[in-house]
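Note: hydrogens, waters and symmetry copies are ignored here, and every other heavy atom, side chains too, is used. The structure presented is a predicted model; accordingly, all values stated were derived computationally and were not measured.
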Amino acid sequence: MKALQAAAAIIALGLLIRPARADGARPTTFLRQLGAPNLDNPKYLKEIREYAPDVLMLGRAVPLDSAMGPISQLGGGDSRARDVKDIILLKPKELEERVKFLRRLNVVLHESGVKSVLPYTSAISLIGTPGKPTGFFAFYRHWRDYPGLGQRPSPSPEEWFAMDKFDHPLPVSDTIDPDYLRPMKRYAACAANPAWREWMQQVTRSCIDSGYDGVYVDHCIIIPCHCQHCSTRFHAYLSKKYGPAEFKKHFGKGIEKIRLSEEKETFAGVETMLFRQLMLKELLAAMREACGKKRVQLALKGIDLWKLEQFADVGDYFCFDAAGRGRAFNIPGVQETQIIDGICQRQSENNIIPLKCAAAIMQRPKLAINIHTRDAITRELGFAETLAFASPPFFGGAKMFSDPATQRKYRGFLSSHADLFGDASPYANVGVIFFGRQKCYPGGGRHVAQAQFVMGRLATHRVPFEVITAGVCNPNTLSRYRAVIVPALLYADEARVLAFQEYVKQGGTLVVSKDSFRFDERCIRREKTWIDRTINRPKDRQEDILHVPLGKGWIVHTPRDFDDEALAQGIRQGIETGPLQVIYRGAWHVRVNVRMRRTDLSGDLLVHFVNYNICPSRGPKAIIPAKDVLCFLRTPKHWGVFSVTAYSPDDPVARQIEFSHDKKNRVLRFALPEVKIYTIVRISCRAAE
């Protein structure tokens, strides 16, 4: 612990320069409204106009419910909006009236300032009973009664099911809610089934024809289907990926003998998981292309963070639910945080870990935060986190905001200081490798767990870091960092291994843990990795953390998974000579998290401070401000600093902060009298003549 704290005292950041976007500062807003829309209710329309979210997600206000067909239900999600009458099939004339209402609804919503309206659908859910037809099966029997639906997909829905290896239908879940849906079942449809894809395209087109801008797709989950469609497609997938000789080498048998596999310890199991992800992605892509050249927006729910890289190009927004609904995440009062394009929950002291992972994967740091808390203080912390760690910020909520004062304060702060939230670029001298796809491989979950541990420890000790994902792991990206931390990356192809080698030879520090690079991406074991050959660990130092030079750089190797000592040694080795340093001095129990951003070479340096030292159980004294936050920044050569200004949503007046700048030693010193929950400091700099 002390070793990592000592390393945190020499935090170093580099600079990443990108051109600023003119619209970069504009906050985007998100609202999920689950009850039935009511155009005859003045209060409903008034709230929509006042909030005017950029993205509005409605319940099942659709012509065709993806799971049951044209039913009478208009609301969704909110149990108060559901009734047994909701599942009654609309008559053909009633369906025509429904479409007219939805078109009028969308006109009103768009005229009220909403830019995108997305109703609810489900990617794989099919509700009903096939024997004595109910739900979707009853609708399918009456399909031809609805002249506007076009040709009925063939074969019948019983053949759309996802099947287990014993040829039994698979459910989406073991329970079905609400109670009045019983004895119907929620079956899982096969994402690879052409008839199901055709139906989901029909559902999507009906929404777009009703004036919607896209759909909100629930249940984007992987189902272990063994149906004939999947088996046939799996063989085609493997044949395209591997030639005959290569196939025999990796699988040890002919392609005709390969079956979809649930065995995680085999390469067939790895390819099965990757194949199933591809089938779901193809289904979502088909929905997106349902209207030809007309763009269909997709908000996807159910894509795990570690799968996000594969789906990043098919979704416009990604919704993550926090695990353990109703439990506090080490901050009293926090129940749940749901995010689009960003973070899923607070982990330990902050939201930074999954936020950084998702933002790095998406390469589009636009976040939406949906805050469920018991109290105003943790709700405000959610707003503060979004401002500090998202650019541009993206606010949202499950219902109309129950805390309008906090909403107005933070949105007003954004409007008043839009120049602070442009397309400035975060960059740190420490990079952490996060390849979510490793989790598909035998033992690869170790990498994901270790990466989360590393990022958690760095965040706890205020060491700024960035995430390096598989899609951007190349020599150019790696060269931006003084130290790159590689947590248990068991599987890596030769190109990436060479990229890591070249990074070290050119002067970087690779902090690497046990067993990294032990296998290639085809699960073939390397008897001796380049790390083993380079280090050549002596017999009497089998348990030591070794520092080995290579070219202009260093390898810091631990023979075990990471702990505080290994991280501390690696960070000290890699960054103590970095070009820009931040030192935060203060009591270690004061939990201020810092983020730094740059606009351009001679412009502003922006430092965001978020104070996590809050305790809602203390009532009015819930906020425990961080006092006298003393900061030291090591500035680049030939830089001058001419002002330091602090801004806070709690203070309408920007405060000039006294500072001293030792140009000879390149050290800037300033102190913030107080950080309540959120403060942003602008350091105005310029290169000396």
Side-chain angles (χ1 to χ4, degrees), residues 8-22 24-25 387-389 391 413 416-431 462-466 479-483 507 571 574-586 592-610 626 628-648 651 653-675 678-689:
I10 52 169
I11 299 167
L13 298 175
L15 304 180
L16 176 62
I17 311 305
R18 294 176 186 165
R21 292 195 309 259
L387 275 115
F389 300 104
S391 176
F413 182 70
S416 301
H417 303 291
D419 57 320
L420 300 177
F421 298 96
D423 197 22
S425 300
Y427 194 71
N429 260 4
V430 177
R462 297 185 294 282
V463 179
F465 66 91
E466 294 299 319
S479 66
R480 298 170 184 167
Y481 302 95
R482 295 283 300 173
I571 293 167
I575 70 174
E576 60 187 1
T577 58
L580 187 64
Q581 296 183 347
V582 177
I583 304 172
Y584 165 61
R585 286 184 178 174
V592 175
N593 217 310
V594 181
R595 179 202 188 194
M596 299 187 65
R597 302 161 69 226
R598 277 283 305 166
T599 52
D600 56 53
L601 186 60
S602 60
D604 296 340
L605 179 65
L606 304 171
V607 187
H608 299 253
F609 295 83
V610 178
D628 300 320
V629 179
L630 183 61
C631 298
F632 295 79
L633 278 70
R634 189 174 181 190
T635 58
K637 292 180 180 180
H638 312 303
W639 272 35
V641 177
F642 56 90
S643 71
V644 177
T645 312
Y647 306 82
S648 171
D651 192 343
V653 180
R655 304 291 179 182
Q656 293 298 313
I657 304 297
E658 292 186 3
F659 69 93
S660 62
H661 187 207
D662 182 344
K663 294 183 181 179
K664 181 179 179 180
N665 295 309
R666 299 157 48 202
V667 175
L668 169 69
R669 177 187 184 277
F670 67 90
L672 298 177
E674 177 180 286
V675 177
Y678 174 62
T679 296
I680 180 170
V681 172
R682 172 166 34 202
I683 302 164
S684 296
C685 315
R686 60 173 164 235
E689 297 284 332

For Ala646 and Leu672, the nearest pair of non-hydrogen atoms, with its separation, is CB-CD2, 4.2 Å

Testing the basics here: between Phe609 and Val681, what is the closest heavy-atom pair and its distance to 0.1 Å? CE1-CG2, 3.8 Å

Minimum heavy-atom separation for Leu420 and Leu606, please, with both atom names. O-CD1, 3.6 Å

Drop me the distance from Arg669's CZ to Leu630's CG, to the nearest 0.5 angstrom. 5.0 Å

Side-chain contact test, heavy atoms from C-beta onward, threshold under 4.5 Å: evaluate it for His608 versus Tyr678 and give yes or no. yes

With rounding to the nearest 0.5 Å, note down the distance linking CD1 in Ile683 to CZ in Phe670. 4.5 Å

Quick one: NE2 on His661 to CZ on Arg666, what's the gap to the nearest 0.5 Å? 9.0 Å

pair Phe413-Ile680: side-chain heavy atoms closer than 4.5 Å: yes

Within-4.5 Å side-chain heavy-atom neighbours: Glu674 and Thr679: no

